[in-house]
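The block underneath contains the structure these notes are about, expressed in structure tokens.
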Amino acid sequence: MESLKEKIDVQRLPSHIAIIMDGNGRWAQEKGQDRLYGHYHGVESVRDIVEGCAELGVGYLTLYAFSTENWDRPEYEVTGLMELLVETIRKEVETLNRNNIRLRVIGDMEMLPDYAKTELKEALEMTATNTGLNLVMALSYSSRWELTDAIKKIAGDVKAGKLEPDSIDQGTLPQYLSTHGFPDPELMIRTSGEYRISNFLLYQLAYAELYFTNVRWPDFRRANLYEAILDYQGRERRFGKTSAQVKPEALTKFSL
Ligand code: IPE
Ligand code: IPE
Ligand code: MG
């Protein structure tokens with residue numbers, strides 16, 4: 001594992017890693033256990049990956065923990081997940097502070113039960129001045145919710161005379177998204193062998209490198225993260241240009 005880590009070029013880390021933490025339920029069921037057992041074990045992976053990212057010096061880590069669509073799961077699973085969330089935040093806040101990690105949340109907070117809202121608000125305040133890793137929890141989040149919400153706010157600002165429709169450009173919409181101020185994810189990882197985006201950061205992922213692994217989330221640890229980062233670092237990101245234009249030699253030549 002150490003050697004994998006040493007292969008990472010820390011000068012070229014993705015500034016923002018986003019993860020769809022998937023496969024908890026199947027991981028548990030394959031062991032003859034209840035789905036909640038998988039969610040509990042998923043927390044250990046969260047801890048390990050958060051620590052791994054903080055140690056490497058990654059700026060932003062977004063974890064998709066609960067989608068808007070997940071509210072439609074059986075009630076016992078939804079309640080179990082909410083309780084796990086609150087309990088985990090309560091336990092981990094101290095560790096976040098010790099590691100200079102700032103907690104952020106994106107999603108429709110109005111949907112959360114009051115006790116979860118209170119706990120989250122407290123944790124956000126308690127870590128607000130930390131300057132290391134930004135740990136962004138996507139909770140009750142979906143891109144379609146976020147985009148609808150942004151459009152409502154834009155329309156409101158236009159109506160109130162705060163925003164001129166003619167002044168709207170590509171920089172406007174990002175300011176109304178819940179990820180306002182965060183860089184776009186450069187690497188998006190999904191575990192458990194599913195090849196979908198599931199309503200996650202549809203706008204922000206426009207140019208992210210996508211990495212899919214069959215590993216179920218409760219088995220995903222630092223070594224798996226290092227593999228994903230190394231894979232990312234081996235890719236050529238062209239942003240619409242040609243390969244010749246983005247080669248490091250070409251960049252030096254043009255800048256001379
Ligand atoms: C991801 O694991 C966690 C959440 C969506 C909350 P799942 O619960 O989706 O696990 P699978 O995909 O059913 O195995
Ligand atoms: C996506 O996982 C949401 C989270 C990881 C929180 P799901 O397991 O809910 O996604 P689908 O429904 O299989 O696409
Ligand atoms: Mg799933």
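Both ligands and their constituent atoms are indexed starting at 1 by order of listing.
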Between [X] and [Y] (salt bridge meaning N to carboxylate O under 4.0 Å), is one present in this structure?
X	Y	value
Lys247	Glu236	yes
Asp231	Arg235	yes
Lys152	Asp149	no

Distance-only N or O hit between ligand 1 and [X], under 3.5 Å:
X	value
Gly25	yes
Arg35	yes
Asn24	yes

Of all the N, O or S atoms in Asp22, which one sits nearest to the Mg ion (ligand 3)?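 Distance check against the Mg ion (ligand 3) picks out OD1 in Asp22.
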Would Tyr211 and Tyr232 count as a ring-ring contact (aromatic ring centres under 6.0 Å, His included) here? Give the steps. CA-CA 8 Å; Tyr211 180 87; Tyr232 163 87; over 10 Å; no
Going by the atom numbers of ligand 2, which of them fall below 4.0 Å from some non-hydrogen atom of Arg196?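 That gives atoms 11 (P), 13 (O), 14 (O) of ligand 2.
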Quick check on contacts: which atoms of ligand 2 are under 4.0 angstrom from a heavy atom of Phe66?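 In order of number, 6 (C).
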Fit a plane to each ring of Tyr141 and Trp145, take the angle between them on a 0 to 90° scale, and name the class: parallel (under 30°), tilted (30 to 60°) or perpendicular (over 60°).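 The arrangement is perpendicular - the two ring planes meet at more than 60°.
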Could you check whether the rings of Phe182 and His16 sit parallel, tilted or perpendicular, using 30° and 60° as the cut-offs?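 Rings of Phe182 and His16: perpendicular, over 60°.
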Measure [X] to ligand 2 on non-hydrogen atoms and call it side chain, backbone, both or neither using the 4.0 Å cut-off.
X	result
Ala65	backbone
Phe200	neither
Arg26	neither

Relative to atom 14 (O) of ligand 2, which among Ser198, Ser142, Gly23 owns the nearest non-hydrogen atom?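 The nearest heavy atom belongs to Ser198.
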Side chain proximity check, Leu133 to Leu61, heavy atoms < 4.5 angstrom: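 Of all side-chain heavy-atom pairs linking Leu61 with Leu133, at least one is under 4.5 Å.
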Students should be able to answer this: which protein heavy-atom is nearest to [atom], and at what distance?
atom	answer
atom 1 (C) of ligand 1	Met21 O, 2.9 Å
atom 10 (O) of ligand 2	Arg190 NH2, 3.3 Å
atom 9 (O) of ligand 2	Asn70 ND2, 2.9 Å

Mind checking whether Ser192 has a heavy atom under 4.0 Å from ligand 1?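 Heavy atoms of Ser192 never come under 4.0 Å of ligand 1.
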Sub-3.5 Å N/O-N/O distance, Ser67 and ligand 2: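 No.
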What about Arg73: any of its N or O atoms under 3.5 Å from an N or O on ligand 2?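 Checking ligand 2 against Arg73, an N or O pair does fall under 3.5 Å apart.
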Proximity of Glu69 to ligand 1 by residue part, where a heavy atom lies under 4.0 Å: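 No part of Glu69 is near ligand 1 at this cut-off.
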Could you walk me through whether Tyr76 and Leu36 pass the side chain to side chain contact (heavy atoms under 4.5 Å, CB included) check? CA-CA 9 Å; Tyr76 99 97; Leu36 283 177; 3.6 Å; yes
What verdict does the side-chain hydrogen bond (donor to acceptor under 3.5 Å, both in side chains) test give for Trp71 and Ser140, after you've listed the backbone C-alpha separation in whole Å, the side-chain angles of each residue and the deciding distance to 0.1 Å? CA-CA 8 Å; Trp71 288 114; Ser140 187; 2.9 Å; yes
Scan the protein's non-hydrogen atoms and note whether one is under 4.0 Å from atom 12 (O) of ligand 2.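 So atom 12 (O) of ligand 2 lacks protein heavy-atom neighbours under 4.0 Å.
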Please could you name the atoms of ligand 1 that His39 approaches to less than 4.0 Å, counting only its heavy atoms?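 Per the distance check, 3 (C), 8 (O).
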Worked verdict on Tyr176 versus His180 for ring-ring contact (aromatic ring centres under 6.0 Å, His included): CA-CA 7 Å; Tyr176 288 85; His180 169 54; 8.6 Å; no
Just wondering, is there an N, O or S atom on Glu194 that's nearer than 2.8 Å to the Mg ion (ligand 3)?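 So Glu194 does not count as coordinating the Mg ion (ligand 3).
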Check whether any heavy atom of Glu194 sits under 4.0 Å from an atom of ligand 2.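 For ligand 2, residue contact (heavy atoms, under 4.0 Å) with Glu194 is absent.
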Between the side chains of Arg47 and Thr95, does any donor sit under 3.5 Å from an acceptor?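 On atom types as modelled, these side chains do not qualify, holding no pair under 3.5 Å.
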Working for side-chain hydrogen bond (donor to acceptor under 3.5 Å, both in side chains), residues Arg144 and Asn199: CA-CA 7 Å; Arg144 288 183 176 180; Asn199 219 347; 4.6 Å; no
